[in-house]
Amino acid sequence: MVDWAEETDVLVVGSGAGGACGAYTAAREGLSVTLVEASEYFGGTTAYSGGGGVWFPTNAVLKRAGDDDTIEDALEYYHAVVGDRTPQELQDAYVRGGAPLIDYLETDDDLAFMPYPWPDYFGKAPKARAGGRHIVPTPLPIADDPELNESVRGPLGRERNGEALPDMLIGGRALIGRFLIALRKYPNVQLHRNTPLEELVVEDGAVVGAIVSNGDERRAIRARKGVVLAAGGFDQNDEMRSKYGVPGAARDSMGPWSNLGKAHQAGIAVGSDVDLMGEAWWSPGLTHPDGRSAFALCFTGGIFVDQDGKRFTNEYAPYDRLGREVIDRMESGDMTLPFWMIYDDSRGPVPPVGATNVPLSETEEYVEKGLWKTADTLAGLAEQIGVPAAALEATVARFNELVVKGVDEDFGRGDEPYDLAFTGGGSALVPIEKGPFHAAQFGISDLGTKGGLKTDTVGRVLDTEGTPIAGLYAAGNTMAAPSGTVYPGGGNPIGTSALFAHLAVKDAATR
Ligand SMILES: Cc1cc2nc3c(=O)[nH]c(=O)nc-3n(C[C@H](O)[C@H](O)[C@H](O)COP(=O)(O)OP(=O)(O)OC[C@H]3O[C@@H](n4cnc5c(N)ncnc54)[C@H](O)[C@@H]3O)c2cc1C
């Protein structure tokens with residue numbers, strides 16, 4: 001017999017995009033909802049995102065901006081890049097579901113989005129769009145709402161570098177802040193921080209609630225209609241990473257400390273099937289003075305070299321493709337970490353990285369920690385980073401030759417719209433010729449693991465026979481991602497989380 005401390009229609013676990021959107025949907029559908037968030041802040045990894053974008057083809061915001069995409073084209077693109085690694089009906093549910101979700105959200109004045117062109121990540125795939133299928137939440141000034149500002153996680157500059165809290169919510173913080181404001185309109189909404197889900201409660205084969213903790217106290221919450229697990233990935237749990245073979249380390253993952261995989265474990269304990277457990281949304285990671293390699297993107301110069309002083313990839317490729325390239329090469333024994341970005345002094349000693357996500361510390365700090373090196377000659381630089389001098393000289397000479405030709409015959413840098421998105425209209429090939437020469441250390445980072453509980457098209461968690469477990473739902477990085485082993489375009493992680501939590505609650509409402 002469970003001694004229920006609280007009863008609700010829907011229990012939502014986590015407060016990233018999925019948790020916030022799930023709780024909002026429940027409230028708006030007239031249900032009572034309790035959201036439990038493990039950490040001290042709302043927002044999860046979602047709130048760290050500078051964009052907070054969602055990849056939702058043919059949505060109304062894009063249409064109003066003149067977008068002429070069609071769902072058929074978007075499906076063709078998504079199927080082409082994801083392949084048959086995940087069920088096609090799940091892929092279709094994602095591609096088709098985003099636009100109706102934006103219609104639903106936009107009827108609430110508290111929820112606003114704007115276009116933010118961002119090329120699809122496989123520019124040569126059929127029906128890829130150079131302008132993307134991506135929108136972002138409209139920034140939210142909240143100078144007069146310090147409590148809300150304080151309660152939303154991030155930005156990364158505050159948490160990692162002690163920077164002051166801005167009084168405007170942007171990107172993922174705006175998305176979470178907007179949902180929190182929108183929720184204020186509804187009765188029967190309980191939001192608990194510092195309250196992790198510990199385990200699920202099953203009665204007669206159905207999930208009927210959960211045990212949560214708060215400090216030393218454990219409480220049982222009964223959920224009459226369902227429990228939605230939107231608790232992010234298990235990025236911060238090194239034991240789980242190693243058990244399921246996720247490359248990289250928790251330290252270098254971008255998730256908050258609280259993404260420990262308890263919801264995954266709770267789901268598995270009640271019979272959920274899992275998939276894609278070795279997968280994450282990957283990225284090269286610029287190594288910062290705290291020793292953590294963090295998601296970095298929008299490169300505007302430089303080349304990457306490996307331990308042999310050789311170039312190995314198109315450096316301007318989308319971050320997940322770059323990350324996977326590094327992982328594949330590590331797994332095949334061709335590469336070891338760290339790798340280095342080599343660049344010249346034409347823009348000074350700071351590496352040409354447009355978006356570091358974790359704001360840069362002072363240059364001296366990187367130099368002191370041996371993360372950024374400088375030398376008058378390439379041979380001197382090679383010695384400092386421990387690669388063969390002749391190889392590095394030859395690599396840079398070859399790259400400069402390609403710059404003159406205007407074509408990257410070796411790795412195709414500049415061949416796809418994403419490669420050219422941050423060049424300011426210039427070439428993707430920028431020479432490395434003005435000494436002194438610099439090197440910045442990189443490792444591998446991720447934006448969260450993306451393997452998890454298998455679901456059907458409305459987020460119902462499936463058991464190992466493929467049968468839905470009554471009352472249990474999953475979304476976002478707690479579910480096995482519809483996108484499988486690829487990252488089709490910016491906005492897929494947050495889009496997947498928000499959409500499947502929404503669909504889950506709509507389904508739960510019918511129970
Ligand atoms: C800098 C940066 C930029 C990014 N930009 C984008 C972008 O523009 N678009 C995009 O789609 N993706 C982006 N991503 C990736 C994306 O932010 C995440 O993959 C996504 O937000 C994950 O969403 P989620 O809801 O699954 O989990 P999260 O947002 O991580 O939320 C999970 C929440 O659940 C809580 N939780 C965990 N365990 C428990 C438990 N047991 N009980 C209760 N609560 C629990 C966590 O504390 C956390 O608050 C970016 C990532 C970073 C770091």
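Heavy atoms only: backbone and side chains are in, while hydrogens, waters and symmetry mates are out. All ligand and atom numbering here is 1-based and tracks the order in the structure.
Residue-to-ligand polar distances keep Gly233 apart from ligand 1: every N/O pair is separated by 3.5 Å or more. Backbone and side-chain nitrogen or oxygen atoms of Asn357 are examined, and none is located within less than 3.5 angstrom of a nitrogen or oxygen of ligand 1. Any N or O atom pair closer than 3.5 Å counts here, and Gly448 shares no such pair with ligand 1. Residue Tyr48 places no N or O, backbone or side chain, under 3.5 Å from any N or O of ligand 1. Polar contact with ligand 1: absent for Lys262 (N/O pair, distance under 3.5 Å). At least one N/O-N/O distance between Thr45 and ligand 1 falls below 3.5 Å. Taking any N or O of His134, backbone or side chain, none lies under 3.5 Å from an N or O belonging to ligand 1. Residue contacts with ligand 1: Pro493 is placed with a nitrogen or oxygen under 3.5 Å of a nitrogen or oxygen of the ligand (distance criterion only). Some N or O of Leu197 is nearer than 3.5 Å to an N or O of ligand 1, by distance alone. In terms of polar-atom proximity, Leu156 is not counted as a contact of ligand 1, lacking any N or O under 3.5 Å from an N or O of the ligand.
Of the protein's heavy atoms, Thr46 OG1, 2.6 Å lies nearest to atom 29 (O) of ligand 1. Nearest protein heavy-atom neighbour of atom 3 (C) of ligand 1: Ser49 CA, 3.3 Å. When only non-hydrogen protein atoms are considered, atom 35 (C) of ligand 1 lies nearest to Glu37 OE1, 3.3 Å. The single protein non-hydrogen atom nearest to atom 38 (N) of ligand 1 is Ser258 O, 3.4 Å, given as residue, atom name and distance. Among all non-hydrogen protein atoms, the one lying nearest atom 10 (C) of ligand 1 is Ile494 CG1, 3.3 Å. Protein heavy atom in closest approach to atom 26 (O) of ligand 1: Asn477 N, 2.9 Å. Looking from atom 45 (C) of ligand 1 to the surrounding protein, the closest heavy atom is Ala38 CB, 3.5 Å. Looking at atom 9 (N) of ligand 1, its nearest protein heavy atom turns out to be Gly53 O, 3.0 Å.
Heavy atoms of Asn259 come nearer than 4.0 angstrom to ligand 1 in at least one pair. Under a 4.0 Å heavy-atom criterion, Gly491 is in contact with ligand 1. Residue Ala17 places a heavy atom less than 4.0 Å from ligand 1. Not a single heavy atom of Gly255 sits under 4.0 Å from any atom of ligand 1.
Only the side chain of Met254 comes within 4.0 Å of ligand 1, judged by heavy-atom distances. Only the backbone of Asn492 comes within contact range of ligand 1, with a heavy atom under 4.0 Å; no side-chain atom does. Residue contacts with ligand 1, taken as heavy atom pairs separated by less than 4.0 Å, involve Phe295 solely via side-chain atoms from C-beta onward. If you look at Ala47 next to ligand 1, there are no close heavy atoms at all, none under 4.0 Å.
Within 6.0 Å of CZ in Phe122 there are more than 12 heavy atoms belonging to other residues, nucleotides or ligands. When the shell of 6.0 Å around CD of Glu7 is examined, it contains more than 12 heavy atoms from other residues, nucleotides or ligands. No more than 12 heavy atoms of other residues, nucleotides or ligands sit less than 6.0 Å from atom CD of Glu147.
Remark: Tyr24 engages Phe179 in a ring pair (Phe, Tyr, Trp, His ring centres under 6.0 Å) (not counting sequence neighbours).
Between the choices Gly18, Gly476, Gly16, Ser497, the shortest heavy-atom distance to atom 24 (P) of ligand 1 belongs to Ser497. Considering each of Gly489, Gly172, Pro256, Gly232, the one bringing a non-hydrogen atom nearest atom 32 (C) of ligand 1 is Gly232. In the candidate list Thr478, Val12, Leu447, Leu447 is nearest to atom 18 (C) of ligand 1, counting heavy atoms.
In summary, Arg153 and Glu159 engage in a salt bridge, as defined by a charged side-chain N under 4.0 Å from a carboxylate O. Of the charged side-chain nitrogens involved, none lies within less than 4.0 Å of a carboxylate oxygen, so that Lys225 and Glu29 do not count as a salt-bridged pair. Salt bridge annotation for Asp275-Arg85: present, with a cationic side-chain nitrogen under 4.0 angstrom from a carboxylate oxygen. Salt-bridge check for Asp252 with Arg241: failed, with every basic side-chain N at 4.0 Å or more from each acidic carboxylate O. Salt bridge annotation for Glu6-Arg222: absent, with no cationic side-chain nitrogen under 4.0 angstrom from a carboxylate oxygen. With respect to Glu416 and Arg321, a salt bridge is recorded, a charged nitrogen being found less than 4.0 Å from a carboxylate O. Between Asp328 and Arg324 there is no salt bridge, since no side-chain N of the basic residue sits under 4.0 Å from a carboxylate O of the acidic one.
Contact of the Pro482 side chain with the Phe500 side chain is registered, since non-hydrogen atoms from C-beta on lie closer than 4.5 Å.
Ring planes of Phe422 and Tyr418: perpendicular class, angle over 60° (limits at 30 and 60°). Relative orientation of the Phe234 and His264 rings is perpendicular, given thresholds of 30° and 60° on the angle between their planes. Between Phe442 and Phe299, the ring-plane angle classifies as perpendicular under the 30° and 60° cut-offs.
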Exercise answer: donor-acceptor pairs, residues 52-63 side-chain atoms, under 3.5 Å, sequence neighbours excluded:
| unit_1 | atom_1 | unit_2 | atom_2 | d |
| --- | --- | --- | --- | --- |
| Trp55 | NE1 | Asp120 | OD1 | 2.9 |
| Asn59 | OD1 | Val61 | N | 2.9 |
| Asn59 | OD1 | Leu62 | N | 3.1 |
| Asn59 | ND2 | Phe56 | O | 2.7 |
| Lys63 | NZ | Asp69 | O | 2.8 |

